[in-house]
2 protein chains.
Amino acid sequence: MAEILAVQDGKRERAKAANRDAILKAAKRVFAEIGYETATVRDIIRGTELASGTFYNYFRSKEEVFEALAEDGARRFRPVLRAARESAVDFEDYIRRAITGYFQFLIAERIGEDGRPVSEMAPHFRTDTPEMKAVYEEVRLGLEDAIARGLAPPVDTDYLARACIGLSQDVGAAMLQRSPPDVEAAAAFAAQFIIGGVNALPRKR
Amino acid sequence: MAEILAVQDGKRERAKAANRDAILKAAKRVFAEIGYETATVRDIIRGTELASGTFYNYFRSKEEVFEALAEDGARRFRPVLRAARESAVDFEDYIRRAITGYFQFLIAERIGEDGRPVSEMAPHFRTDTPEMKAVYEEVRLGLEDAIARGLAPPVDTDYLARACIGLSQDVGAAMLQRSPPDVEAAAAFAAQFIIGGVNALPRKR
DNA sequence: GCCGTTTCGTGACGGCGTGTCAACTTTGCG
DNA sequence: CGCAAAGTTGACACGCCGTCACGAAACGGC
């Protein structure tokens, strides 16, 4: 009756989800406060009500927690990319929407104004984790899609996706270092750069 | 007589330089073999003939050794950039030379064919260390120089430098993952992308 | 050469974080 | 209610960290 939308009813399942969530939340806070490198598993677990051993029922290491956080972020970001792809009227529009979405995401995700810079908090911000790879694939598919529709010239989509991601990450980081960060200006810069770049590319494949 | 070009004669100075060098060499090998994250200061010192305490006479931590290695790399790379700037006949030529130089550098620097991927070995590959910042400055100056000479349109050189660096890093990484890596093709891709991007940029400042 | 001074290598030590595990508590279920 | 399964707990052994008192080796004045 009261559990109309109870996705999990067992007390065990609820506790499990709650514990995992508590650890993730604590980790996010601890990483932001003292930095990923210096943070210890104990620091994280102290941020919860659980005992040290319990940590290892959920994650194998500090690194795995970080990856889980990155996965979360990527999972939340993917819909933004997909929406950009589906609602865009042309290639230029797609790029602009995707970049703007990413930069807004960056602003929204950084721990409320304080916290350490992303660079310090993200030690190995590479396309390692599965969900990270999924974002890369989403970008690449978006580009291939545009090419298939004749909206962009046929080029090496692997290089192109990597180029767009690397460029966006660094311009995004530069944007965050300015105060106040200007999403519009940064997005316009990155988007126009990419569009111009794509059009100048050697047409392969 | 026999010491015509002896830069350091004191036995102390020579030992110091040799020890520091031994630690750096061992660290480079250890990082490549077992990865930066899992490597310990003890692992590094075991790769030399020295005692554990000696490590701390030269570096404060594993991270500081890594930074020293990064500094070394950046210091060796900077002349490549400078040469590109000085010998280039126009903006397009400058970009092409710089990118090609960087990609050749990547190929030359990776631990002989084996070793872990750069991404795993370089946990915080950001523009943190002084020498790293110097590379960024070198890039930015090269771009400002081109703009001042009217070879490129006036744009936000901070964003532009970041964009070029991020793009080059990621395309370079993608190149290294292919076998065999094709420096020419990758450099042509990155250079043309950048040139096209710059020309499409909103002219500010 | 000799010896006081300084510099530096050495490895043992206290402190701390790690990951494990046997004992204990809670939940699910008949 | 009671048993089995699942999960939590914190103490423990292990390994790494960074330091420090000690001794050896190099320097430099005589």
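Every chain is numbered from 1 and lettered A, B, ... according to where its sequence line falls, protein lines coming before strand lines.
Atoms CZ (B:Arg60) and P (D:dC16) sit 23 Å apart, rounded to a whole Å. Across the protein-nucleic acid pair, B:Phe55 atom CZ and C:dA12 atom P stand 20 Å apart, rounded to whole Å. Atom CD in A:Glu63 sits roughly 19 Å away from atom P in C:dG17 (whole-Å rounding). Rounded to whole Å, the distance from CZ on B:Arg46 to P on C:dG11 is 14 Å. For B:Glu64 and D:dG18, the CD to P distance is 11 Å, given to the nearest whole Å. To the nearest angstrom, C1' of D:dG18 lies 15 Å from NZ of B:Lys62.
Under a 3.5 Å cut-off, the side chain of A:Thr157 and the backbone N or O of A:Leu160 do not form any donor-acceptor pair. Proximity of a side-chain donor or acceptor of B:Thr100 to a complementary backbone N or O of B:Arg97 within less than 3.5 Å is not detected.
Contact annotation: A:Thr54 reaches the phosphate of D:dT9 (side-chain N/O to OP1 or OP2, under 4.0 Å). Side-chain N/O atoms of B:Asn57 include one lying less than 4.0 angstrom from OP1 or OP2 on C:dG9. Dashed line: the shortest gap from a side-chain N or O of A:Asn19 to OP1 or OP2 of D:dG7 is not under 4.0 Å. Within the structure, a side-chain polar atom (N or O) of B:Lys16 is placed less than 4.0 Å from OP1 or OP2 of C:dC8. Of the side-chain N and O atoms in B:Tyr56, none sit less than 4.0 angstrom from OP1 or OP2 of C:dG9.
Relative ring orientation between B:Phe193 and B:Phe189 is described as parallel, the plane-to-plane angle staying below 30° on a 0-90° scale split at 30° and 60°.
No hydrogens or angles considered: nothing links the side chains of A:Thr54 and A:Asn57 as a donor-acceptor pair under 3.5 Å. Side-chain contact, B:Tyr136 with B:Asp158: a donor N or O sits under 3.5 Å from an acceptor N or O. In the model, A:Arg162 has a side-chain atom that pairs as donor or acceptor with a side-chain atom of B:Gln177 under 3.5 Å.
Residue B:Ala15 is the one, among B:Ala15 and B:Arg42, whose nearest nucleotide of DNA chain C lies closer to the 5' end (criterion: closest heavy atom).
Distance from the side chain of B:Ala51 is smallest to C:dG11 among C:dT26, C:dG11, D:dA26.
An angle of 10°, rounded to 10°, separates the two end axes of the helix from C:dG1-D:dC30 to C:dG30-D:dC1, each defined over five pairs.
Geometrically, A:Arg178 engages B:Tyr159 in a cation-pi contact defined by less than 6.0 Å to the ring centre and at most 45° from the axis.
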